[in-house]
There are 2 protein chains.
Amino acid sequence: MDTAAAIETAEDQLCCEPRGLPVLNAAEAHEAARILKALSDPNRLRLLSIVKAGDGGKACVCDLTEPLDLGQPTVSHHLKILVDAGLLEREKRGTWAYYSLVPGALERAASLITQL
Amino acid sequence: MDTAAAIETAEDQLCCEPRGLPVLNAAEAHEAARILKALSDPNRLRLLSIVKAGDGGKACVCDLTEPLDLGQPTVSHHLKILVDAGLLEREKRGTWAYYSLVPGALERAASLITQL
DNA sequence: CCTCCATATCGACAGCTGTCAATCTATGCG
DNA sequence: CGCATAGATTGACAGCTGTCGATATGGAGG
């Protein structure tokens, strides 16, 4: 219809002109959200902060349970999420488990936001 | 008690030496998580991406509903979350609502991660 | 005024998330 | 070996989150 076409054209000018710029696709968005979701909890942010401030960027679980005022299983749970997201790595030394930042991981996570 | 103090000292040497470095407190972590939570959903990341790629960093809802394959109320819901997080701003022009990136907001969000 | 259209809001609901208590695993020590 | 301790795993549960359909709101045009 001429009328419909005319209306559409008018609306395009007013509102919806098609563009061809690079936009995040569903798969990319899903992957980025997976990382950012790990960073979207206050206690996990504090865990990362404590680990980062720790000597040599390392901290054992006993350093982490107390200042967060959380149970030990809960801290273990959060640490697992951070490891699965590729932000922390776990190294077991004797009875203790030491967690450290994966080099560059935080910067990569931040660039997921700035490079949208 | 001397005994308790001695035990504490021994444990400190084994594992938990106190440090005085700047660590995210509960309030800071809560606030940072509030922003990052808004960024932790794939559809919201795509919304930001589309808005950013849009002409002049603006896009109206009609540009956003279709490529995400979501219902209009759902898109509206996500946009509200992004506005509440200070990432987008809304400008109503006639019947249409235009959303644009808040200048510097994405960079500030990213620095929440890098400056842990 | 009445109607159409774009957007927002509401109510409901399934699925996910953070937390804890209890239990399991494995390492170091006597 | 047997026990104590650090940490992980499991199960349960309340609260939050993303989604939709239905409805409300509010401007544009006849």
Side-chain angles (χ1 to χ4, degrees), chain A residues 3-4 6-8 10-16 26 29-30 33-48 51 58-66 68-85 88-100, chain B residues 7-8 10-16 26 29-30 33-47 51 58-66 68-85 88-100:
Chain A
T3 320
I7 289 174
E8 259 190 354
E11 282 181 354
D12 281 354
Q13 287 174 351
L14 284 173
C15 162
C16 307
H30 192 82
R34 199 179 65 84
I35 310 290
L36 293 174
K37 204 174 283 192
L39 289 163
S40 69
D41 178 85
N43 288 318
R44 287 198 288 272
L45 292 175
R46 295 187 77 191
L47 284 174
L48 290 171
V51 169
K58 287 176 186 292
C60 78
V61 181
C62 62
D63 281 323
L64 303 171
T65 307
E66 169 204 323
L68 260 60
D69 200 34
L70 287 178
Q72 172 265 319
T74 303
V75 172
S76 234
H77 172 67
H78 285 310
L79 289 170
K80 181 175 167 52
I81 289 175
L82 291 170
V83 169
D84 288 349
L88 287 184
E89 50 195 5
R90 181 175 174 266
E91 176 202 359
K92 192 156 188 185
R93 236 196 301 175
T95 310
W96 294 286
Y98 284 77
Y99 285 86
S100 53
Chain B
I7 290 174
E8 262 189 352
E11 283 179 356
D12 282 353
Q13 287 175 349
L14 284 174
C15 162
C16 309
H30 191 82
R34 198 178 66 83
I35 311 289
L36 293 175
K37 205 174 282 193
L39 289 163
S40 70
D41 178 86
N43 288 317
R44 287 198 287 272
L45 291 176
R46 296 187 77 192
L47 284 174
V51 169
K58 287 175 185 292
C60 79
V61 180
C62 64
D63 282 323
L64 302 170
T65 308
E66 170 204 323
L68 259 63
D69 200 34
L70 287 178
Q72 172 266 319
T74 303
V75 172
S76 233
H77 172 67
H78 285 311
L79 289 170
K80 180 174 167 53
I81 289 175
L82 291 169
V83 169
D84 288 349
L88 287 184
E89 51 194 4
R90 180 175 174 266
E91 176 202 358
K92 194 157 189 185
R93 237 195 301 174
T95 309
W96 295 283
Y98 283 78
Y99 286 86
S100 54

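Throughout, protein chains are lettered first and strands after them, A, B, ... in sequence-line order, and every chain is numbered starting at 1. It should be emphasised that the depicted structure is a prediction, and the values quoted were computed from it without experimental measurement.
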### Query
Where each residue is assigned the nucleotide of DNA chain C containing its nearest heavy atom, which of A:Ile81 and B:Ala97 is assigned the position nearer the 5′ end?
B:Ala97
### Query
If each of B:Ser40 and A:Val61 is mapped to the nucleotide of DNA chain D with the nearest heavy atom, which maps nearer the 5' terminus, i.e. the 5' end?
A:Val61
### Query
Just by distance, do the side chain of B:Ser40 and the backbone of B:Lys37 share a donor-acceptor pair under 3.5 Å?
yes
### Task
To the nearest Å, give me how far apart CG (B:Asp84) and P (D:dG18) are.
13 Å
### Query
Taking OP1 and OP2 of D:dA8, is either one under 4.0 Å from a side-chain nitrogen or oxygen of A:Tyr99?
yes
### Spacing of A:His30 atom NE2 relative to D:dG18 atom P, expressed in whole Å
13 Å
### Query
Whole-Å distance between C:dT17 P and A:Leu82 CG?
14 Å
### Task
Let me know the distance between NZ of B:Lys80 and P of D:dG18, rounded to the nearest Å.
14 Å
### Query
Should A:Leu39 and B:Leu39 be marked as a side chain to side chain contact (heavy atoms under 4.5 Å, CB included) after you check the CA-CA gap, both sets of side-chain angles, and the distance that decides it?
CA-CA 10 Å; A:Leu39 289 163; B:Leu39 289 163; over 6 Å; no
### Query
Can you check the A:Leu68 CG to D:dG7 P distance for me, whole Å?
14 Å
### Task
Run the numbers on A:Leu79 and A:Val75 for side chain to side chain contact (heavy atoms under 4.5 Å, CB included), then give the verdict.
CA-CA 6 Å; A:Leu79 289 170; A:Val75 172; 3.9 Å; yes
### Query
Which pair of heavy atoms, one from B:Ala33 and one from A:Asp41, lies closest together, and at what distance?
CB-C, 3.9 Å
### Message
Between A:Arg90 and D:dG7, is there a contact of a side-chain N or O with OP1 or OP2 at under 4.0 Å?
### Response
no
### Summary
Reading nucleotides 19-30 of chain D from 5' to 3' and marking B where a protein heavy atom lies under 4.0 Å of the base, S where only the sugar-phosphate is that close, and - otherwise, the string is BBBB-----S--
### Task
Calculate the interatomic distance between B:Leu47 atom CG and D:dG18 atom P; express it in whole Å.
12 Å
#### Entry: Derivation of the side chain to side chain contact (heavy atoms under 4.5 Å, CB included) call for B:Leu36 and A:Leu45
CA-CA 10 Å; B:Leu36 293 175; A:Leu45 292 175; 4.0 Å; yes
### Minimum side-chain heavy-atom gap A:Leu70-A:His78 below 4.5 Å
yes
### Query
Quick one: salt bridge (Lys or Arg N to Asp or Glu O under 4.0 Å) partners of A:Arg34, sequence neighbours excluded?
A:Glu31
## Note on the structure
From CG of B:Leu79 across to C1' of C:dT9 the rounded distance in Å is 14 Å
### Query
In whole angstroms, how far is the P atom of D:dG15 from the NZ atom of B:Lys37?
15 Å
